[in-house]
Amino acid sequence: MKKILLTGGAGYIGAHTAVELIQKGFDVVLIDDFSKSDNSLLDGIEKITGKKINFVEGDCKDSTFLDQLFRKEKFDSVIHFAAYKSVNESVREPLMYYNNNLRSMTELLQVMGKYNVNEFIFSSSCTVYGQPDVIPVDETAPFKKAESPYGATKQMCERLLEDVAAANKNLKAISLRYFNPVGAHPSALIGELPIGVPNNLVPYVTQTAIGLREKLVIFGNNYQTPDGSCIRDFIHVVDLAQAHVKSIEKINEMPSNNEAFNLGTGEGVTVLSLVKKFIEVTNVNLNYEIGPRRTGDIEKVYANPTKAKDLLGWQTRLSLEESLRDAWRWEQKLANKPI
Ligand code: UFG
């Protein structure tokens with residue numbers, strides 16, 4: 001079985017992926033510098049899998065740390081989750097985002113080259129497309145000008161990977177373009193831990209429902225969509241995690257040594273219908289109102305996930321209802337309420 005390094009392994013998507021890989025029998029090493037996370041999800045991973053995890057605290061920008069780690073462990077593959085991901089923060093602190101997200105990428109690829117580790121999976125985002133001209137969007141769509149420094153780092157990392165893969169044919173690279181990951185593990189032992197006031201819709205919904213926030217504001221109801229609110233492709237984080245397992249399994253069967261995949265359900269859902277679905281699924285009274293549009297929001301985007309189905313043999317299995325139910329169970333768990 002392959003030995004796989006997960007950078008950002010204590011984060012939301014890293015932790016869910018660790019569970020799926022461990023349950024499939026892969027040998028997994030997690031690293032995290034805890035700059036945007038803490039160790040609370042690590043316990044959850046151990047509880048779900050019943051295995052002691054191999055975790056090392058460290059920063060991917062630290063070449064000495066990486067060198068020591070790669071000398072000790074003989075990795076077959078790297079899945080690179082570690083990155084800053086707040087759109088708002090990236091607008092306020094662009095240098096911090098460029099420095100962190102680009103340097104961790106170059107340091108990792110460099111140490112991989114030195115130790116002849118050739119399988120690399122990169123956490124990308126549908127943000128690389130901006131507002132696409134054709135929806136559902138497929139992987140051939142051009143990159144529009146990035147909406148934020150965060151988005152620009154994802155575009156630049158994909159470009160960087162393209163160049164490195166062109167120069168080194170031994171490297172096998174896959175970029176996974178996430179749409180909107182939501183939900184939590186059905187065990188409610190791991191889930192999303194937003195820092196401060198959440199920017200993202202579902203954590204804001206669950207925090208409002210539990211009483212941490214006074215009300216949810218829906219940003220705009222005059223878009224060109226059936227109910228006027230924005231359209232997104234909400235994907236259960238466990239489905240998303242399983243796409244990483246498939247990528248690890250299939251990385252040597254790809255048509256080229258650098259491929260990108262959309263990870264979404266293929267279904268566009270309006271913000272308002274998600275909120276109504278949450279109320280229906282949980283039976284919770286949610287205080288919400290319509291407010292002005294949020295600057296920088298894209299009207300609608302959802303995936304054409306056909307390429308992932310054809311080449312990775314992956315598709316989503318979990319519904320929006322399950323995503324919302326699991327997100328709610330996790331929020332209740334955090335509040336120590338019976339679920
Ligand atoms: N929304 C609200 N109220 C809120 C929060 C969000 O109405 O309190 C709406 C937004 O306006 C948007 C939708 O819910 O229409 C989804 O918003 P999110 O912030 O949850 O997600 P985004 O689609 O804006 O952003 C996500 C990721 C980014 C990534 C981007 C790519 O969070 O990391 O997709 O398009 F860059």
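Keep in mind it's a predicted model, so treat the numbers as computed, not measured. Counting convention: from 1, in listed order, for ligands and their atoms alike.
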Side-chain heavy-atom pair [X], [Y] within 4.5 angstrom cut-off:
| X | Y | value |
| --- | --- | --- |
| F143 | E158 | yes |
| F234 | E267 | no |
| V245 | E249 | yes |
| L30 | L42 | yes |

Using a 4.0 Å cut-off to any heavy atom of [X], which atoms of ligand 1 qualify?
| X | answer |
| --- | --- |
| D297 | 10 (C), 11 (O), 12 (C), 15 (O), 24 (O) |
| S125 | 29 (C), 31 (C), 36 (F) |
| I218 | 7 (O) |
| C230 | 15 (O) |
| L216 | 8 (O) |
| N180 | 21 (O), 22 (P), 23 (O), 26 (C) |
| V271 | 7 (O), 9 (C), 13 (C), 14 (O), 15 (O) |
| C126 | 31 (C), 35 (O) |

Heavy-atom nearest neighbour in the protein, as seen from [atom], with distance rounded to 0.1 Å:
| atom | result |
| --- | --- |
| atom 23 (O) of ligand 1 | R232 NE, 2.6 Å |
| atom 19 (O) of ligand 1 | R294 NH2, 2.9 Å |
| atom 27 (C) of ligand 1 | N200 ND2, 4.1 Å |

Anything under 30° is parallel, anything over 60° is perpendicular, the rest tilted; go ahead and classify Y97 against Y150.
->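 Plane angle over 60°, so perpendicular.
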Between the candidates Y129, Y204, Y150, which shows the shortest non-hydrogen contact distance to atom 36 (F) of ligand 1?
->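 Shortest heavy-atom distance from atom 36 (F) of ligand 1: Y150.
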Closest to atom 3 (N) of ligand 1 among L201, V217, T127 (heavy-atom distance) =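 Selected option, by shortest heavy-atom distance: V217.
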D67 CG to D62 CG distance, which is reported to the nearest 0.5 Å = 10.0 Å
Under 3.5 Å between some N or O of ligand 1 and some N or O of F219?
-> yes
Would K172 count as a cation-pi partner of F120, with NZ or CZ less than 6.0 Å from the six-membered ring centre and within 45° of the ring normal?
->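 K172 over F120 ring: no.
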Test log, rule side chain to side chain contact (heavy atoms under 4.5 Å, CB included), inputs L193 and S40 | CA-CA 9 Å; L193 289 169; S40 45; 3.4 Å; yes
Using a cut-off of 6.0 Å, state whether more than 12 heavy atoms not belonging to R293 lie near its atom CZ.
->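 Yes.
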Does K51 NZ have over 12 foreign heavy atoms under 6.0 Å away?
->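 Result for NZ/K51: open.
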Min heavy-atom dist N199 to ligand 1 below 4.0 Å |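 Per 4.0 Å heavy-atom rule, N199 contacts ligand 1.
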